[in-house]
Amino acid sequence: MAEKRSTFSGKLGFVLATAGSAVGLGNIWRFPYLAAKYGGGIFLLVYIILALTFGFALMCAEIAIGRKTGVSAIEAFGKLNKKFKFVGLLCSIVPIIILPYYSVIGGWIIKYCTVFITGNISSAATDGFFDSFISAPAEPLLWFAIYIGLTALVVLFGVEKGIEKVSKIMMPVLVILTIFIAGYSMFMPGALEGVKFYLMPDFSKFSATTVLAAMGQLFYSMSLAMGIMITYGSYMKKDVSLEGSVKQIEVFDTGIAFLAGLMIIPAVFAFSGGDESALGKGPGLMFVTLPKVFESMAGGTIVGTLFFVLVLFAALTSSISLMETVVSIVKDKTGLSRNKTLLIVLIGSTILGTLSALGYGTLADIKIIGMAFLDFFDFISNSVLMPVVAFLTCIFVGYIVKSDMFIEEIELTGKFKRKKLFLIVIKYFAPICIVLILISSVLDALGIVKI
């Protein structure tokens, strides 16, 4: 007898779990360095506008697909149109690729949590500490194993008793910690310039690349084109307002990204004397620059510890949703029990993640198109597959299956207030912009054109 499909207990559980999925490393460190790179306040303004339009429409579409079909991404597209079954397959590959390397970064975060908790902040702030750690022969593998084990433990308890329960604890704590650290950062000596840079739009810095970068960030920030929203939508009860839930998820997600900028940009400005380049890029910001910032401030050990605990919570809520999505995909495809499926996913992800964990050390000499394993997996999933899946989803919802079917699904609990916006974005605005994102991100990643 087939297992009954899990569901969230209600709207609060769905919103917190889905917001937890959306709030991750993309919000905490990627958003601030992109904001710094693309003009501060103008990037923030563009991002908020896009989140309320582009992000809203895509999230509504994905959740509606999931709730309409009651299955994960790998089966959902084919259930509505057999010719588009391949989109479900592409969509399903994304979380399968992301989960292992994301968990490797999660392991790095646990390492830094332990360093700060044990009071070794001066070690973390030294030049070469991060590079030495990730190039070690075995240590990154240990922390990766601990992190992915924690993720699997939550998923083991299921949707309501595991994911929903943990999200109801983690999300409020994450919000409180973010507000506290942001408040602390803003009142550091010299931080006011960073606050102005971040909050006051400078329209002279606006460009097409600002829009493309902000739109690309939406994929990371809102867990779009990964199959996650389709999977969570399949767990959503019919009497829960879909449009209302998406609005609340947007508030959580954009709010945390906004506060992350207030945490990091003013603090780095204060530390560097207003040097925007000190915000760095990628892992360098969180694992190299910020430990130096925390060491320089009064009470830095406490604030730094709270920061890395916050980042760990944010990372876990996302990796939990990634693993749950992969489990749901494999379970729907094979018909195996949930526990057997979880074991298969855990073993497969650990094997794949080992490549990324050792990619800067033992396996550093092995490159794919000039990239270490982690960088390559990130490039394929985020720069190629996610824009392709998002484009095909828009075509599917806007032109292949009647849009009315999804609007009816959204309107089960009341009138769809932003219906016109939804149709315009899905049919016209999003497809064009996604193609531009795909082209620019691939050219940028391959070093052909730098944006």
Side-chain angles (χ1 to χ4, degrees), residues 2-7 18 21 57-100 159 219 222-236 238 242 321-338 340-342 344-345 348-349 352 377 380-410 422-423 425-427 430-431 434-435 437-438:
E3 287 181 291
K4 183 182 176 184
R5 192 165 190 82
S6 304
T7 59
T18 311
S21 163
L58 274 177
M59 187 175 284
C60 279
E62 291 193 12
I63 293 173
I65 290 171
R67 192 168 74 172
K68 180 72 179 175
T69 59
V71 292
S72 61
I74 197 162
E75 298 291 336
F77 288 90
K79 195 170 180 178
L80 294 172
N81 187 302
K82 289 182 180 179
K83 291 181 180 178
F84 268 66
K85 193 173 183 179
F86 77 98
V87 181
L89 181 62
L90 284 176
C91 192
S92 301
I93 292 170
V94 176
I96 291 170
I97 293 174
I98 293 177
L99 174 61
V159 175
F219 290 117
M222 299 181 77
S223 292
L224 299 170
M226 300 182 195
I228 293 174
M229 293 301 156
I230 295 174
T231 299
Y232 276 24
S234 75
Y235 300 148
M236 187 185 197
K238 296 286 189 179
L242 198 155
S321 66
L322 282 165
M323 184 174 281
E324 174 61 32
T325 299
V326 178
V327 167
S328 182
I329 286 164
V330 176
K331 183 176 178 295
D332 283 351
K333 197 66 181 171
T334 63
L336 292 171
S337 70
R338 182 180 173 83
K340 284 181 182 177
T341 305
L342 175 59
I344 292 168
V345 170
S349 297
L352 200 56
F377 290 139
I380 286 297
S381 57
N382 291 312
S383 295
V384 180
L385 285 175
M386 283 163 61
V388 168
V389 168
F391 174 79
L392 291 172
T393 301
C394 290
I395 299 302
F396 183 77
V397 173
Y399 299 98
I400 305 302
V401 179
K402 289 182 180 179
S403 302
D404 291 347
M405 180 190 296
F406 300 105
I407 290 168
E408 285 171 12
E409 184 67 31
I410 295 168
F422 172 80
L423 291 172
V425 171
I426 289 293
K427 287 188 171 185
I434 291 166
V435 169
I437 291 170
L438 176 62

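Positions are given from 1 along the sequence. In this text, all values refer to a predicted model and were calculated from it rather than measured experimentally.
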Assess the residue pair E324 and Y235 against the criterion (side chain to side chain donor-acceptor pair (under 3.5 Å)); give the C-alpha distance rounded to whole Å, side-chain angles, the decisive distance to 0.1 Å, and a yes or no. CA-CA 11 Å; E324 174 61 32; Y235 300 148; 2.5 Å; yes

Check whether any side-chain heavy atom of [X] sits under 4.5 Å from a side-chain heavy atom of [Y], and report yes or no.
X    : Y    : value
I434 : C394 : yes
T325 : M226 : no
F219 : I437 : yes
S234 : V71  : no
T69  : E75  : no
I98  : F377 : no
F77  : I65  : yes
L90  : L392 : yes

Considering all heavy atoms of both residues, which atom of [X] and which atom of [Y] are nearest to each other, and what is their separation?
X    : Y    : answer
A390 : L58  : O-CD2, 4.4 Å
F391 : P431 : CD1-O, 3.6 Å
A61  : I426 : CB-CD1, 4.1 Å

Worked verdict on V401 versus V397 for side chain to side chain contact (heavy atoms under 4.5 Å, CB included): CA-CA 6 Å; V401 179; V397 173; over 6 Å; no

Enter the distance from [X]:[atom1] to [Y]:[atom2] here, rounded to the nearest 0.5 Å.
X    : Y    : atom1 : atom2 : result
I96  : S349 : CD1   : OG    : 8.5 Å
S223 : L322 : OG    : CG    : 7.0 Å
L242 : M59  : CG    : CE    : 10.5 Å
I230 : I74  : CD1   : CD1   : 11.5 Å
M229 : M236 : CE    : CE    : 11.0 Å
I407 : C60  : CD1   : SG    : 10.5 Å

If we ignore hydrogens and angles and just use 3.5 Å, is the side chain of [X] paired with the main-chain N or O of [Y] as donor and acceptor?
X    : Y    : value
K331 : T341 : no
S383 : I380 : no
D332 : S72  : yes

Begin from the C-alpha positions of I329 and V345 and carry the test side chain to side chain contact (heavy atoms under 4.5 Å, CB included) through to its verdict. CA-CA 10 Å; I329 286 164; V345 170; over 6 Å; no

Taking the six-membered ring for Trp, are the ring centroids of F84 and F396 within less than 6.0 Å of each other?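 Yes, close enough.
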
Those residues that, when tested against F422, pass ring pair (Phe, Tyr, Trp, His ring centres under 6.0 Å) (two or more places apart):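 Result, ring pair (Phe, Tyr, Trp, His ring centres under 6.0 Å) vs F422: F416.
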
Which side chain to side chain donor-acceptor pair (under 3.5 Å) pairs, counting each pair once, include a residue from residues 81-93, with sequence neighbours left out? none

Do any pairs count as a side chain to side chain donor-acceptor pair (under 3.5 Å) and have a residue in residues 390-410, sequence neighbours left out, and if so which ones? R67-E409, K238-E409

Do I228 and E62 pass the side chain to side chain contact (heavy atoms under 4.5 Å, CB included) test, and can you show the C-alpha distance, the side-chain angles, and the key distance before you say yes or no? CA-CA 9 Å; I228 293 174; E62 291 193 12; over 6 Å; no

